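First up is the structure itself, then whatever we jot down about it.
Note that ligands are numbered from 1 as they come in the structure, with each ligand's atoms numbered from 1 the same way. What you are looking at is a predicted structure, and each value in this text was computed from that prediction instead of being measured.
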Amino acid sequence: MVKTVTGENYEVHDLSLAEKGQKRIDWARKHMPVLGQIREEFKKEQPLKGVKIGACLHCTKETAVLVTTLRDGGAEVFLCASNPLSTQDDVVAALTKEKNISVYAWHDMDNEGYYRSIANVITKKPQISIDDGCDLVTTLHKLKNGSKDPEIETVKKYGATADLMDNIWAGAEETTTGIIRLRAMAKDGALKYPVLATNDTPTKQEYDNLWGTGQSTIDGILRGTEELIASKVFVVSGYGHCGRGVAIRARGLGARVIITEIDPHAALTAVMEGFEVKPMTEAAKEGDIFCTATGCKGVIRLEHMETMKDGAVVSNTGHFSVEVDVVALEKAAVKHEEIKHMVDRYTMKNGKSIIVLAGGRLVNLALATGHAAEVMDLSFSDQALAAEYITKNKNDLKAKGGVVVDIPDDIDIKVATLKCKALGINLDKLTPEQEKYLSGWSEGTA
Ligand SMILES: NC(=O)c1ccc[n+]([C@@H]2O[C@H](COP(=O)([O-])OP(=O)(O)OC[C@H]3O[C@@H](n4cnc5c(N)ncnc54)[C@H](O)[C@@H]3O)[C@@H](O)[C@H]2O)c1
């Protein structure tokens, strides 16, 4: 079990890492100009004055830039991890020194520590929830409906009570899997407060999921394996936003890329973009490196791993650790060795071995440091403006009840426009004639 230190407003691994963490936060801040501009506006206007925000996010240097921005806008922020492996210990150590920010997170948390940290956020009575994967929202809802799940018993043990959900005005969700869970809750009538779908806004989905995941996933696989990608057969499961990014980057490094899909449109897109598409039963036999990016469970199962090449590398970049059935592999293996931190070799009865990266958890955040700051600049600007929007519109939003709400277009356009400016990208402007043409219907074949 990882040792932690606790104080009035924190539980982290090692406070002595704070100086290193602060340098990395400052580095990220330099690469997040849009969030920097929003921070300046927030400092002046204080749109979040007195608001309590509970955030369950990957605790990276970029997240530190987000939470300090929210704080500078007047909020009090309570942060916990959204994954047991994604916390950067130096970053959270640095955050303990910040006024009006509480942080409960460390790398390699056990289940009890993970839910104790969520409880530490819930008991501070947040009015806005910001999630990456929906664990804060579902914990609040399960508490409210009297669930007897072991995780709920843990949060109760640390003081969380059912009534605390009543303080929440609305939430914002960062990732695809969280949105899937929220829509399922809304459909069942289980969702009790509105949540903004930050993930679905173009400035998030088309950059963070695609290019952010593309680069950082390859980074995680390289740090884990130290292998050459060129000449390898690289199998990517799921050709959605994340999978497409991973496939494009793997091809760029010289791999022959095979896609597995369940959706005919996604499969066609992959083929049109020059990739092979095969079912996993076939791809399993050919691949050297595998990466799942589906948001689905049991994508790579024991029956697939049994047919893989000796030494095949298996990883996942989808939100939860259910895409690769590591549990079944563990049970079936005759030998398990840790090669190095987060890299395990399982030898099977047939004598072949499988290398599993990060125990099947998010490989880009567990083995590498997540997305580049330049990409998180967009996603976290969306999140900062979502928090401002919730605060300004809390009564209207509360009246909507348990629904998933789109981020207003003007937020998305503002973030994209500021990013273009920061990158020195100059756009053309529609002439009045063009505007009239695009909004009319009378001009046709001349
Ligand atoms: N690693 C990261 O940093 C990161 C970043 C953003 C999102 N995510 C997560 O990655 C996952 C994918 O997100 P996305 O935005 O790409 O979603 P998406 O909906 O755009 O794409 C998912 C794709 O997977 C396919 N799929 C579903 N089940 C499948 C199966 N059993 N076999 C093969 N293909 C299957 C779907 O048809 C779809 O094309 C989610 O869990 C999301 O939360 C991770």
Side-chain angles (χ1 to χ4, degrees), residues 56-60 62-63 82-83 85-86 131-135 173-184 197-221 235-249 258-271 273 275 277-284 287 290-301 304 315-325 357-358 360-373 375-376 378-380 382-383:
C56 180
L57 296 168
H58 299 297
C59 297
T60 63
E62 293 77 18
T63 299
S82 61
N83 182 291
L85 296 178
S86 61
D131 248 308
D132 188 324
C134 205
D135 277 347
E173 170 55 51
E174 175 77 8
T175 198
T176 315
T177 283
I179 301 294
I180 293 171
R181 293 173 89 188
L182 288 165
R183 291 203 200 284
T198 310
N199 176 75
D200 293 357
T201 204
T203 39
K204 198 291 178 175
Q205 205 168 39
E206 304 296 339
Y207 301 90
D208 168 321
N209 296 24
L210 184 63
W211 307 118
T213 312
Q215 176 167 309
S216 60
T217 300
I218 299 288
D219 185 10
I221 292 171
V235 179
V236 179
S237 291
Y239 200 72
H241 294 87
C242 296
R244 181 166 173 253
V246 176
I248 291 170
R249 292 303 181 231
I258 300 175
I259 305 296
T260 75
E261 250 299 340
I262 50 148
D263 176 78
H265 291 295
L268 278 175
T269 307
V271 168
E273 293 187 340
F275 295 104
V277 177
K278 296 185 177 184
M280 183 53 84
T281 42
E282 286 175 36
F290 293 79
C291 185
T292 51
T294 68
C296 185
K297 70 186 280 193
V299 181
I300 297 183
R301 300 186 290 276
H304 302 127
S315 64
N316 164 53
T317 201
H319 188 77
F320 286 121
S321 58
V322 294
E323 305 211 10
V324 179
D325 196 348
L357 302 184
R361 292 194 191 274
L362 286 162
V363 69
N364 62 331
L365 280 141
L367 265 161
T369 49
H371 297 356
V375 169
M376 296 316 293
L378 292 162
S379 323
F380 283 164
D382 288 329
Q383 289 288 35

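- Close contacts between ligand 1 and Thr177 involve ligand atoms 40 (C), 41 (O), 42 (C), 43 (O) [criterion: under 4.0 Å to a heavy atom].
- Side-chain contact between Leu210 and Arg244: present, with at least one pair of heavy atoms (C-beta onward) separated by less than 4.5 Å.
- In the vicinity of Gly318, heavy-atom distances shorter than 4.0 Å reach the ligand 1 atoms 9 (C), 10 (O), 11 (C), 41 (O).
- Between Ser379 and Glu174, the closest heavy-atom pair is CB-OE2, 3.7 Å.
- For a threshold of 3.5 Å applied to N or O pairs, the pair formed by Gly243 and ligand 1 contains no separation below that value.
- Counting the atoms of ligand 1 from 1 in the order shown, those under 4.0 Å from a heavy atom of Ala266 are 39 (O).
- Between Asn209 and ligand 1, at least one pair of N/O atoms sits closer than 3.5 Å.
- At a 3.5 angstrom cut-off on N or O pairs, Asp208 does not count as close to ligand 1.
- When the salt bridge (Lys or Arg N to Asp or Glu O under 4.0 Å) test is applied to Asp200, the partners found at least two apart in sequence or on another chain are Arg183.
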Side chains of residues 235-242: which donor-acceptor partners sit under 3.5 Å, not counting sequence neighbours?
unit_1: Ser237; atom_1: OG; unit_2: Thr260; atom_2: OG1; d: 2.9
unit_1: Tyr239; atom_1: OH; unit_2: Glu273; atom_2: OE1; d: 2.5
unit_1: His241; atom_1: NE2; unit_2: Glu206; atom_2: OE2; d: 3.4

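- Contact atoms of ligand 1 toward Gly295: 11 (C), 40 (C), 41 (O) (distance under 4.0 Å to a heavy atom of the residue).
- Under the 4.5 Å side-chain criterion, counting only non-hydrogen atoms from C-beta, Asp208 is in contact with Met376.
- At least one side-chain heavy atom of Phe320 sits under 4.5 Å from a side-chain heavy atom of Arg181.
- By the 4.5 Å heavy-atom criterion applied to side chains, Leu362 and Ser86 are not counted as neighbours.
- Close N/O approach between Thr217 and ligand 1 is not found [any backbone or side-chain N/O within under 3.5 Å].
- Atoms of ligand 1 found under 4.0 Å from any heavy atom of Leu362, numbered from 1 in the order shown, are 1 (N), 2 (C).
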Set out, in order, the CA-CA distance, both residues' side-chain angles and the distance that settles side chain to side chain donor-acceptor pair (under 3.5 Å) for Asp132 and Ser82, then state yes or no. CA-CA 6 Å; Asp132 188 324; Ser82 61; 4.6 Å; no

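- Scanning the protein for heavy atoms near atom 30 (C) of ligand 1, the closest one is Ile262 CG2, 3.7 Å.
- Counting heavy atoms from C-beta on, the side chains of Glu323 and Ile300 never come closer than 4.5 Å.
- Looking at Glu323 next to ligand 1, no N or O pair under 3.5 Å apart turns up.
- Note: an N/O pair closer than 3.5 Å links Thr176 and ligand 1 by distance alone.
- Of all the heavy atoms of Cys296, the ones lying under 4.0 Å from any atom of ligand 1 belong exclusively to the side chain.
- The backbone and the side chain of Thr294 each have at least one atom closer than 4.0 Å to an atom of ligand 1 (non-hydrogen atoms only).
- Heavy atoms of other residues, nucleotides or ligands lying less than 6.0 angstrom from CD of Glu282 number more than 12.
- The option from Glu261, Lys297, His241 that lies nearest to atom 39 (O) of ligand 1, judged by heavy atoms, is Glu261.
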Check step by step if side chain to side chain donor-acceptor pair (under 3.5 Å) holds for Asn209 and Asn199. CA-CA 9 Å; Asn209 296 24; Asn199 176 75; 3.1 Å; yes

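- Which parts of ligand 1 touch Asp263 is read off a 4.0 Å heavy-atom cut-off, strictly below it: atoms 37 (O).
- In summary, the atoms of ligand 1 found under 4.0 Å from a heavy atom of Thr175, numbered by their order in the structure, are 6 (C), 7 (C), 8 (N), 9 (C), 42 (C), 43 (O).
- Considering only non-hydrogen atoms, atom 12 (C) of ligand 1 lies nearest to Ala293 out of Ala293, Gly370, Gly212.
- The residue among Arg181, His319, His371, Glu206 with a heavy atom at the shortest distance from atom 9 (C) of ligand 1 is His319.
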